[in-house]
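Atom set for the values below is all heavy atoms of this structure, side chains included, hydrogens, waters and symmetry mates excluded. None of these values were measured; they are calculated from a predicted model.
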Protein chains: 2
Amino acid sequence: MSVTIADVAREAGVSVSTVSYVLSGKRTISAPTRARVEAAVDRLGYRPHAGARALASARTNVIALMAPLRAGVDVGVIMQFVAGVVLRARHYDHDVLLLTQDDVRGAERVGAGSMVDAIVVMDVETHDERLEALARLRQPTVLIGLPEEPGTLSCVDLDFEAAGRAAVRHLTDLGHRRLGYVGHPGAVRERGTSFAVRFDRGVADAAQAAGASLVAQDCDGSPEQSVAAVEALFAADPRITGVVVHNEAALGHVVTHLVASGRPVPEAVSVVTVSPPEVAARQAVPVTGLDIPAERVAHVAVDMVLARVDGDEPAETRLLTPTLTDRGSTRPLG
Amino acid sequence: MSVTIADVAREAGVSVSTVSYVLSGKRTISAPTRARVEAAVDRLGYRPHAGARALASARTNVIALMAPLRAGVDVGVIMQFVAGVVLRARHYDHDVLLLTQDDVRGAERVGAGSMVDAIVVMDVETHDERLEALARLRQPTVLIGLPEEPGTLSCVDLDFEAAGRAAVRHLTDLGHRRLGYVGHPGAVRERGTSFAVRFDRGVADAAQAAGASLVAQDCDGSPEQSVAAVEALFAADPRITGVVVHNEAALGHVVTHLVASGRPVPEAVSVVTVSPPEVAARQAVPVTGLDIPAERVAHVAVDMVLARVDGDEPAETRLLTPTLTDRGSTRPLG
DNA sequence: TACCGTAGGCGAAGCGCTTCGACACCGGCA
DNA sequence: TGCCGGTGTCGAAGCGCTTCGCCTACGGTA
């Protein structure tokens, strides 16, 4: 069929094993021999057969990525993440096998079938039904998100609690002491990756630590509810000067309504958010906030999971510290 | 390591080859024997080793998908397409290996390395530098788009010429005889997948056939150019009553400006477009148009390329006929 | 009754690669 | 001079699966 390692060996006048060692670098080979082999490889256009390699070495150089491919609000972020995983995987000379979120047996299939060396799972929920199957596989797995019971699985996520604290502290450092908070609907707090709960806690803690008052309001992100949430905040405390928005979908509506209702941003109200930088930046008033670094999370995920492939290192959970980008939607009180 | 076919054979009290034949169905096996084997498989949780299978059978049950993962305007459409490919591949019991567009040697790597059975390439340009390498691979390939020289490669795309004709005919059937057309900038006509050129031709042909006048205007999709394009059309012919927009990015701006400048849609001007249905539907005035069926294209692409895997059928180019969805942005003249 | 075709099963030869152990050769040391 | 430890190379044994050819039974036909 195509050119095999035996062809290369013959062409270079060495044995098959020598060619293999030249290619893998796992034994020292003298410079002249190595040169002959490399020349033969080039001349014949040799490419090792991935299946044969996988069979003999128990390594495939492929990682599985389970991603939510349904069209949704945050498609852009998902793409960024997927691209980040592919890029980073290539950096380690790995390819990426794409599985969809709803292919519940997908991980099991590719894992048990030894098609991949490791598995990255996006969008993990607090009580995720896939975890059990994942834990049984011999491939290391990394989860994006923080389930209640990670067991022996690694996790990466943004440190939402720190993000909540940082968001509030940014406001209190500017002197704001009467704060509003637009969060997620209760349903998200249950499911989700617990990020909502963690963020809430960070917000509350920091407000208390700074001696600031805090009015919170859930919001599903619709234009109506967003407007209503803003009004509810100011009804509860008309003197609010700082607002934290942890709801990508609502962000635009909240800002627009603040301005439209005679509360210009940042002149009357300072606004801080957590979101992908692109989302925060493209609002009518660009919004200062904590960036969700999709690509960085992707990189870290791949790094972590590949580190575990042949090391017997234990699982680990890593929370990335968010960084705040000032886009001018806040200003000192007074 | 894990359960092998030999374990299953032992457990079922048959030979290894018998187990293999039960699994593949390539030879008749008596019902009782088959049952024993299947029971053993279940009991042991046996999964064939993909690498071993690939080595022995020269089939991997994986297809490569080369997709543009950079964040762009049409991320949603790309995702739809990717999801469509994965779904359809699963339907044939295949998995999908994801390559990025800019990984120029990616296809060569996975192809020559026998990691995949077939290759799907998105976003092919008229003179695509990847074509040559793809043609050299032994795996069948299907291109999304229509390059100038497909050679032995298969292609799928929407029939943009038919779409152009249908768009115009929809207007002329309603009695419109003075038409405007907002197209792509010249640069896109050069690159791209020639779809712009093909659409242009369809539009011009149909206008001529119906004896309608046609004023065309290029547009890069920016708000400014979109407004300028509309004004240019009506400057050239103030009596235009029907407009064809073949520019996703411009569509919103064109519609908005028509309405804002006292030319309500559809009361004063009928508008027809070609775009993904979601885009047409979410405009201020939902726009009637020819749908770009991302998922259908994906399905057809997978069907075509897998059909060629072990058949020696020749390459083929398929142009999908677009269908028109009426969203109320057109009305009879008068 | 003798024969043949077929269904049902087995053995073994690869598929192309990695890797372990063996071996030859060389220079340095006692 | 003899021995020892590296260094560089080779041979061969798998890795787990598919598939070809072969063999046995058995039922049907002449």
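Applying the salt bridge (Lys or Arg N to Asp or Glu O under 4.0 Å) test to every pair with at least one member in residues 125-134 of chain B, sequence neighbours left out, gives these pairs: E125(B)-R191(B), D128(B)-R130(B), E132(B)-R136(B).
Side-chain N/O atoms of Y21(B) include none lying less than 4.0 angstrom from OP1 or OP2 on dG11(C). At the phosphate of dT18(D), neither OP1 nor OP2 sits under 4.0 Å from any side-chain N or O atom of K26(B). Considering only side-chain N and O atoms, S15(A) lies nowhere under 4.0 angstrom from the phosphate OP1 or OP2 of dG11(D).
If you measure from atom CZ of R10(A) to atom C1' of dC10(D), you get 16 Å, rounded to the nearest angstrom. For the pair R53(B) CZ and dT18(D) P, the interatomic distance rounds to 5 Å; values are reported in whole Å. Here the C1' atom of nucleotide dC15(C) and the CZ atom of R59(B) are 16 Å apart, to the nearest Å. Rounded to an integer number of Å, the gap from L44(B) CG to dG16(D) P is 14 Å. In this structure, CG of L55(A) is placed 12 Å from P of dT18(D), rounded to the nearest angstrom. The distance from atom CD1 of I5(A) to atom P of dG16(C) is 11 Å, rounded to the nearest whole Å. Computed from coordinates, the L23(A) CG to dT9(D) P distance equals 15 Å when rounded to whole Å. One interatomic measurement links the two molecules: CE of M115(B) to P of dC17(C), which rounds to 14 Å at whole-angstrom precision.
Checked by atom type, the side-chain pair S30(B)/T33(B) shows a donor-acceptor distance below 3.5 Å. With 3.5 Å as the limit, one finds a donor-acceptor pair spanning the side chains of S15(A) and T18(A). T321(B) and D159(B) are not linked by any side-chain donor-acceptor pair at a separation below 3.5 angstrom, with hydrogens and angles left out of the test.
Counting non-hydrogen atoms under 4.0 angstrom, V14(A) reaches the backbone sugars and phosphates but no base. Contact annotation for S20(A): base contact, defined as any heavy-atom pair under 4.0 Å involving a base atom. Within the nucleic acid shown, S30(B) comes within 4.0 Å of sugar-phosphate atoms alone, with no base atom in reach, counting heavy atoms only.
Taking the side chain of T28(A) as heavy atoms from C-beta on, and the options dT19(C), dG16(C), dT7(D), the nearest nucleotide is dT7(D). Of the candidate nucleotides dT19(D), dA12(D), dG16(C), dA12(D) has the atom lying nearest to any side-chain atom of S17(A). Of the candidates dT19(C), dC17(C), dT9(D), the closest approach to any side-chain atom of T4(A) belongs to dC17(C).
For D123(A), the side-chain hydrogen bond (donor to acceptor under 3.5 Å, both in side chains) partners at least two apart in sequence or on another chain are R70(A). Here T100(B) pairs with V86(A), L69(B), D102(B), D103(B) under the side-chain contact (heavy atoms from CB on, under 4.5 Å) rule; sequence neighbours left out.
Side-chain atoms of P147(B) and L143(B), non-hydrogen and from C-beta on, do get closer than 4.5 Å to each other.
Comparing the helix axis at one end of the helix from dT1(C)-dA30(D) to dA30(C)-dT1(D) with that at the other, each defined from 5 consecutive pairs, gives an inter-axis angle of 60° (nearest 10°).
Atom CD of E316(B) has more than 12 heavy atoms from other residues, nucleotides or ligands within 6.0 Å.
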Side chains of residues 92-99 of chain A: which donor-acceptor pairs under 3.5 Å do they make with residues two or more places apart or in other chains?
{"from": "Y92(A)", "atom 1": "OH", "to": "D303(A)", "atom 2": "OD1", "distance (Å)": "2.7"}
{"from": "D95(A)", "atom 1": "OD1", "to": "R109(B)", "atom 2": "NH1", "distance (Å)": "2.8"}
{"from": "D95(A)", "atom 1": "OD2", "to": "R109(B)", "atom 2": "NH1", "distance (Å)": "2.4"}

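Of the candidates R105(B), M66(B), M115(B), M115(B) is the only one forming a side-chain contact (heavy atoms from CB on, under 4.5 Å) with V110(B).
Toward the 5' end of DNA chain D, the nearer of the two residues A52(A) and V16(B), judged by each one's closest nucleotide, is A52(A). Of the two residues contacting DNA chain C, namely R34(B) and V19(A), the nearest-nucleotide position lying further toward the 5' end is that of R34(B). Sequence order on DNA chain C of the closest nucleotides to A31(B) and Y46(A) puts A31(B) first from the 5' end.
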For nucleotides 22-24 of chain C, which of its nitrogen or oxygen atoms have a protein nitrogen or oxygen under 3.5 Å away, and what is each distance?
none

